[in-house]
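Okay, so here's the structure we're looking at.
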Amino acid sequence: MAAADKVDPIHQFHINKLIPIEIGGYDLSFTNSALFMVATVAVASAFLYLSTSSRSLVPTRLQSVSEMAYEFVGNMLRDAAGTQGMKFFPFVFSLFMFVLVANLLGLFPYFFTVTSHIIVTFGLAALVIGTVIVYGFMKHGLGFLKLFVPHGVPVYLLPLVVLIEVISFVSRPVSLSVRLFANMLAGHITLKVFSGFVVSLSALGTLGIAGSVLPLAMAVALTALELLVAFLQAYVFAVLTCMYLNDALHPGH
């Protein structure tokens with residue numbers, strides 16, 4: 001069973017109960033997924049606290065990284081939603097750091113990648129869209145519905161255009177969550193498959209070890225690619241969040 005786990009590309013995504021908890025017939029067990037979500041928050045919080053606790057005019061390396069992350073998200077939000085969008089900075093920055101740290105933790109051997117589960121990414125996406133809807137109606141009332149009525153559209157085309165806009169809006173949490181989930185899932189499966197090739201071929205002796213050089217090189221290259229994807233997917237998730245928040249601030253097209 002242990003040998004099978006080493007080459008099973010799906011085993012790494014299994015949810016395992018660490019502390020069984022059942023209340024009123026509901027399973028509220030503390031799982032490996034919950035553990036790594038807590039770890040993600042703890043690592044991100046610890047990094048930001050340690051890098052900014054002793055701020056100085058001449059920043060240390062950690063302080064520089066922290067300030068770069070701050071400016072990166074701040075500029076992204078201002079570019080997408082204007083200066084008014086900065087009221088959402090804590091929200092967007094928290095999302096960016098959570099997704100980034102979760103992706104990076106998932107690159108360590110035997111660690112769990114929480115963003116490879118659709119329920120986690122959909123929960124984050126639903127939080128974003130829920131914020132857009134709630135703030136949009138609180139700020140603009142029924143005027144928020146102008147989001148679905150683009151300017152300059154002929155009256156006879158309005159029903160079709162409004163329908164398309166509504167479908168596009170409703171599909172946002174799906175596309176936002178599936179994009180992150182699918183990229184992390186596919187990358188980790190591919191990396192596990194090539195790593196499995198290395199293990200399997202190495203067990204065949206000298207000839208197998210020689211043949212494992214190519215999949216080993218591919219595994220190394222895929223690891224580097226996964227590191228890039230970890231940053232890229234956090235950026236894409238954050239920048240799309242900024243664009244959707246801009247709709248809540250400025251619903252008129």
Side-chain angles (χ1 to χ4, degrees), residues 33 37 40-41 44-45 48 68-103 114-185 229-253:
S33 178
M37 280 190 274
T40 297
V41 174
S45 301
L48 292 172
M68 287 172 61
Y70 180 94
E71 288 298 327
F72 179 72
V73 176
N75 291 334
M76 182 195 313
L77 188 53
R78 278 188 290 268
D79 291 342
T83 55
Q84 292 182 0
M86 290 303 291
K87 65 181 67 178
F88 292 108
F89 177 82
F91 176 62
V92 178
F93 187 76
S94 298
L95 282 175
F96 174 77
M97 291 300 298
F98 180 86
V99 174
L100 177 60
V101 174
N103 291 349
V114 297
T115 48
S116 65
H117 279 254
I118 186 66
I119 187 62
V120 176
T121 59
F122 185 80
L124 295 175
L127 177 62
V128 172
I129 300 303
T131 301
V132 170
I133 294 174
V134 171
Y135 182 83
F137 279 111
M138 286 179 58
K139 177 73 173 178
H140 305 284
L142 293 179
F144 177 65
L145 297 177
K146 291 189 295 183
L147 178 66
F148 307 110
V149 186
H151 290 304
V153 177
V155 176
Y156 60 88
L157 286 178
L158 270 181
L160 177 61
V161 172
V162 169
L163 177 63
I164 293 174
E165 290 290 333
V166 170
I167 294 174
S168 175
F169 186 86
V170 172
S171 67
R172 285 179 177 182
V174 177
S175 62
L176 189 61
S177 58
V178 169
R179 181 182 293 104
L180 175 58
F181 147 76
N183 275 278
M184 302 311 298
L185 181 73
V229 170
F231 283 96
L232 183 61
Q233 288 305 312
Y235 165 73
V236 170
F237 196 95
V239 76
L240 288 176
T241 298
C242 293
M243 294 173 63
Y244 297 158
L245 290 172
N246 179 58
D247 289 338
L249 291 165
H250 311 102
H253 285 248

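Remember, predicted model here, so these are calculated numbers, not experimental data. We use all heavy atoms of the structure for the numbers below, so side chains are in, but hydrogens, waters and symmetry mates are not.
Among all heavy-atom pairs drawn from Leu100 and Ala230, the shortest one is CD1-O, 3.9 Å. In this structure, Leu77 and Phe88 approach most closely via the heavy-atom pair CD2-C, 3.9 Å. Taking every heavy atom of both residues into account, Tyr235 and Met76 meet most closely at CD1-CE, 3.7 Å. Considering every non-hydrogen atom in both Phe91 and Thr241, the closest pair reads CE2-CG2, 4.2 Å. Here the shortest heavy-atom pairing between Ala248 and Pro251 reads O-CD, 4.1 Å. Between Asn103 and Ala234, the shortest heavy-atom contact is ND2-N, 4.2 Å.
Within a 6.0 Å radius of CZ in Phe72, more than 12 heavy atoms belonging to other residues, nucleotides or ligands are found. Counting heavy-atom neighbours within 6.0 Å of Phe169 CZ, excluding the residue itself, gives a total above 12. Residue-environment remark: CD1 (Ile119) stays at or below the threshold of 12 foreign heavy atoms within 6.0 Å. Atom NZ of Lys139 sits in a sparse spot, with 12 or fewer heavy atoms from other residues, nucleotides or ligands closer than 6.0 Å. Other residues, nucleotides and ligands place more than 12 heavy atoms under 6.0 Å from the CE atom of Met86.
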Quiz prompt | Verdict with supporting geometry, Phe181 and Val120, side-chain contact (heavy atoms from CB on, under 4.5 Å) | solution = CA-CA 9 Å; Phe181 147 76; Val120 176; over 6 Å; no
Quiz prompt | Verdict with supporting geometry, Arg179 and Phe237, side-chain contact (heavy atoms from CB on, under 4.5 Å) | solution = CA-CA 9 Å; Arg179 181 182 293 104; Phe237 196 95; over 6 Å; no
Exercise. For side-chain contact (heavy atoms from CB on, under 4.5 Å), just list the numbers for Thr115 and Gln233, CA-CA rounded to whole Å, side-chain angles, deciding distance to a tenth of an Å, and then say yes or no.
Key: CA-CA 10 Å; Thr115 48; Gln233 288 305 312; over 6 Å; no
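Between Phe89 and Tyr70, some side-chain heavy-atom pair lies under the 4.5 Å cut-off. Using a 4.5 Å cut-off on side-chain heavy atoms (C-beta onward), Leu185 and Ile118 make no contact. Under the 4.5 Å side-chain criterion, counting only non-hydrogen atoms from C-beta, Arg172 is in contact with Asp247. Residues Tyr135 and Leu249 meet the side-chain proximity criterion, which asks for heavy atoms closer than 4.5 Å. Side chains of Leu163 and Ile167 form a contact here, defined as non-hydrogen atoms less than 4.5 Å apart.
Atom-to-atom distance recorded for His140:NE2 and Leu145:CG is 11.5 Å, nearest 0.5 angstrom. Interatomic distance, Leu240 CG to Leu95 CG, rounded to the nearest 0.5 Å: 12.0 Å. With rounding to the nearest 0.5 Å, the separation of CD in Glu165 from CG in Leu160 is 10.5 Å. The line from OG1 of Thr131 to CE of Met138 is 11.0 Å long, rounded to the nearest 0.5 Å. Atom CG in Leu180 sits 11.5 Å away from atom OG in Ser175 (nearest 0.5 Å).
The aromatic rings of Phe93 and Phe96 sit tilted relative to each other, their planes meeting at an angle between 30° and 60°.
At least one donor-acceptor pair closer than 3.5 Å links the side chain of Thr121 to the backbone N or O of Ser177. With hydrogens and angles disregarded, no donor-acceptor distance shorter than 3.5 Å links the side chain of Asn246 to the backbone of Cys242. Remark: the backbone N or O of Ile164 is not paired with any side-chain donor or acceptor of Ser168 at under 3.5 angstrom.
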